[in-house]
Asks: 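Dropping the structure in here first, questions after.
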Amino acid sequence: MLDTPVLDTNDGQMAGSAATITGPQTLLFATAVGIIVTNLFAPQTLVGLIGPSLGAGAASVGFVAMATLLGYAAGLFFLVPLADLAENRTLILRMLVAAALAAGVATMAPTAGSLLIVLFILGAACSAIQILVPIAASMAPPGEAGRVIGDVMSGLMVGILLARPLASLIADAWGWRAFYAISAAALIVLGCVLAFTLPRRRPEARSSYGALIASLFDLLRDEPVLRRRALTAALVMATFSLFWTAVALRLAQPPFDLGQRGIALFALVGASGAIVTPLFGRAGDRGWTRPATIACHLVLIGAMGLAAWAGAAESGTGWSLAPMGVSAVLLDIGVTGDQTLGRRAINLLQPKARGRLNGLFVGIFFIGGAIGSMLAGIAWASGGWPEVCAIAAAFGFAALLVDWIAGPE
């Protein structure tokens, strides 16, 4: 693996913009990815409302949260590689239009089956995030790729973590369909802003789309860092999705008895874990990737143990809710760190293949997230909260095992 970031001068050839990213541009990238990503994780907190309103059973509500994540993974495999072939700004704007249309249609979905299809399309279009992040990485000054990726990832993680409280508050006031109506409007506004501010990026590749897709398998075969980081990221994301899909169901039960507003406040506490994102980017720049990654996985396992203990309480709402909140913060810190360190490592591999590398990396870990969401409903119906936490912790132990087997990067 390269020890220092590589600035791709071809990636930096953007009309009307210097190759080096500025503070306002970093803020723009962070804001954009934060807005888009809310669509991927809002269903995790809305399943308790969407399921009954569309006649879905307890064991199948996890599929609602899974659909968007699975669509996102599909977009990463089949749409994001276009970033190495087509002009990036135009591609991003077209995907945002598709996302806005899908969110609008979601407000009118009459059945669970139709909603799953629409959410799959919405997730695929939201993969525009992974075209924005490599653009930011390519514009980073030498030696500062970790800092730029960490700063942009702060926006991404804030969007992920705020998606749940935001969706809960909107659903509490106007119903779950209102979230998608507001999301469609936000995506339209974002598209207008990016149309006038996003720099152009014309990749040098002259390959065909089919050849680009076929090259994904070559990249996965030839890059051991990609395989290792994508695998641990998938395992960590499975834990994340398991917890956040099922915790809304647990918090609605005694002794917590929280409504959508209370669940929103709980999710807001978890969002505080995003503040550590830039720290992990800087840790990678200092050569601390391996110890920081192991620490992330240990924190994640500990978080699930604490969550299992807190969720076992039968009385004392405040006393048990506090450790549950701490477990959410710790979980989000562990996930944030793993994702930031992994993304930094991937963006240092092959500058000319950044779009495909990011598509593979994020696509694989979102498959893990989709599996976690699916298992949440099944585990909840089968063994309740203890089984949810046990499976989530098992994914964390598996990630730790990969760390041990792989050795230093």
Asks: How about Ile21 and Phe29: do any of their side-chain heavy atoms sit closer than 4.5 Å?
Replies: yes
Asks: Tell me whether Asp338 contacts the main-chain N or O of Cys296 through its side chain, where contact means a donor paired with an acceptor under 3.5 Å.
Replies: no
Asks: Check residues 96-112 and write down every donor-acceptor pair under 3.5 Å in which the side-chain atom is one partner and the other belongs to a residue at least two apart or another chain.
Replies:
unit_1	atom_1	unit_2	atom_2	d
Thr107	OG1	Gly104	O	2.5
Thr111	OG1	Ser114	N	3.2
Thr111	OG1	Ser114	OG	3.1

Asks: Just so I know, are the side chains of Met324 and Phe256 near enough to count as touching, which here means a heavy-atom distance under 4.5 Å?
Replies: yes
Asks: Side chains of Val133 and Arg343: closer than 4.5 Å at any heavy-atom pair?
Replies: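 With C-beta onward as the side chain, the pair touches.
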Asks: Heavy atoms, side chains only, cut-off 4.5 Å: are Ile50 and Leu54 in contact?
Replies: yes
Asks: Within the distance-only criterion (no hydrogens, no angle test), does the side chain of Asp332 pair as donor or acceptor with the backbone N or O of Val329 below 3.5 angstrom?
Replies: no
Asks: Show the nearest heavy-atom pair for residues Trp385 and Ala308, with the distance to one decimal.
Replies: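 So the minimum-distance heavy-atom pair works out to NE1-CA, 3.9 Å.
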Asks: Using modelled atom types only, decide if a donor and an acceptor are shared between the side chain of Glu87 and the backbone of Thr90 within a distance under 3.5 Å.
Replies: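 Present.
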Asks: Tell me if a side-chain donor or acceptor on Gln25 pairs with a main-chain N or O of Thr22 at a distance below 3.5 Å.
Replies: yes
Asks: Examine distances only and state if a side-chain atom of Thr38 and a backbone atom of Ile35 form a donor-acceptor pair shorter than 3.5 Å.
Replies: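 Here the side-chain-to-backbone pair exists.
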Asks: Has the side chain of Thr340 got a donor or acceptor atom that lies under 3.5 Å from a matching backbone atom of Gly337?
Replies: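 Looks like no, no N/O pair under 3.5 Å.
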Asks: Can you tell me how far CG of Leu360 sits from CZ of Phe217, rounded to the nearest 0.5 angstrom?
Replies: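 Here the rounded value is 8.5 Å.
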Asks: If we only count heavy atoms from C-beta on, is the Leu122 to Leu119 side-chain gap below 4.5 Å?
Replies: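 Sidechains of Leu119 and Leu122: in contact.
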Asks: Could you verify whether a donor N or O on one side chain and an acceptor N or O on the other, from Arg261 and Ser168, lie under 3.5 Å apart?
Replies: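 Absent: no donor and acceptor within the cut-off.
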Asks: Before giving the answer on side-chain contact (heavy atoms from CB on, under 4.5 Å), spell out for Leu331 and Met304 the whole-Å C-alpha distance, their side-chain angles and the decisive distance to 0.1 Å.
Replies: CA-CA 7 Å; Leu331 169 65; Met304 289 301 93; 4.0 Å; yes
Asks: Could you walk me through whether Val388 and Phe243 pass side-chain contact (heavy atoms from CB on, under 4.5 Å), step by step?
Replies: CA-CA 7 Å; Val388 168; Phe243 177 87; 5.8 Å; no
Asks: Verify side-chain contact (heavy atoms from CB on, under 4.5 Å) between Phe179 and Leu169, making sure each step is shown before the conclusion.
Replies: CA-CA 9 Å; Phe179 169 80; Leu169 290 173; over 6 Å; no
Asks: Any sub-3.5 Å donor-acceptor pair from Arg89's side-chain atoms to Arg201's backbone N or O?
Replies: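 Pair absent, no side-chain N/O of Arg89 close to backbone of Arg201.
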Asks: Do the side chains of Leu235 and Phe397 get nearer than 4.5 Å, heavy atoms only?
Replies: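 They are not in contact (no side-chain heavy atoms under 4.5 Å apart), so the answer is no.
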Asks: Measure across Leu330 and Val299 and return the closest heavy-atom pair with its distance rounded to 0.1 Å.
Replies: O-CG1, 3.3 Å
Asks: Taking side chain as C-beta onward, heavy atoms only, is Trp380 less than 4.5 Å from Arg250?
Replies: yes
Asks: Quick one: are Gln130 and Tyr72 in side-chain contact, heavy atoms under 4.5 Å?
Replies: yes
Asks: Determine whether the side chains of Asn39 and Ser183 contain a donor N or O and an acceptor N or O closer than 3.5 Å.
Replies: yes
Asks: Atom OG1 in Thr289, atom CG in Leu341: separation rounded to 0.5 Å?
Replies: 5.5 Å
Asks: Verify the distance criterion only: is there a donor paired with an acceptor across the side chains of Thr293 and Arg229 at less than 3.5 Å?
Replies: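 There is such a pair between these side chains.
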Asks: Which heavy atom of Val148 sits nearest to which heavy atom of Ala136, and what is that distance?
Replies: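 Shortest heavy-atom contact: CG1-O, 3.6 Å.
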Asks: In terms of ring plane angle, is the pair Tyr180 and Trp176 parallel, tilted or perpendicular, where the classes change at 30° and 60°?
Replies: perpendicular
Asks: Are the side chain of Arg227 and the backbone of Arg221 linked by a donor-acceptor contact shorter than 3.5 Å?
Replies: yes
Asks: Are the side chain of Ser373 and the backbone N or O of Gly369 linked by a donor-acceptor pair below 3.5 Å?
Replies: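 Yes; at least one donor-acceptor contact below 3.5 Å.
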Asks: Is there a side-chain contact (heavy atoms from CB on, under 4.5 Å) between Leu198 and Val193? Walk through the geometry before answering.
Replies: CA-CA 8 Å; Leu198 191 65; Val193 172; over 6 Å; no
Asks: Enter the distance from Ile170:CD1 to Arg177:CZ here, rounded to the nearest 0.5 Å.
Replies: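 Those atoms lie 15.0 Å apart.
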Asks: Is the ring pair Phe41/Phe366 parallel, tilted or perpendicular, if the boundaries are 30 and 60 degrees?
Replies: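 If you compare the ring of Phe41 with that of Phe366, the planes turn out tilted.
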Asks: For Pro81 and Leu212, work out which heavy atoms get closest and say how close.
Replies: O-CD1, 3.5 Å
Asks: Using 0.5 Å steps for rounding, measure from the CD1 atom of Ile371 to the CG atom of Leu69.
Replies: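 Separation between the atoms: 11.0 Å.
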Asks: Nearest 0.5 Å please: distance from the SG atom of Cys126 over to the CD1 atom of Ile121.
Replies: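 Atom-to-atom, Cys126:SG and Ile121:CD1 are 12.0 Å apart.
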Asks: Looking at Arg356 and Ser215, what are the two nearest heavy atoms and their distance?
Replies: NH1-OG, 3.0 Å
Asks: Return the OG1 to CD distance between Thr245 and Gln44, rounded to the nearest 0.5 Å.
Replies: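 Output value for this atom pair is 4.0 Å.
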Asks: Is a donor on one side and an acceptor on the other found under 3.5 Å between the side chain of Ser241 and the backbone of Ala238?
Replies: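 The answer is no, because no donor-acceptor pair under 3.5 Å joins these two groups.
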Asks: Can you give me the closest heavy-atom contact between Tyr209 and Leu85, atom names plus distance?
Replies: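 Heavy atoms of Tyr209 and Leu85 come nearest at N-CD2, 3.8 Å.
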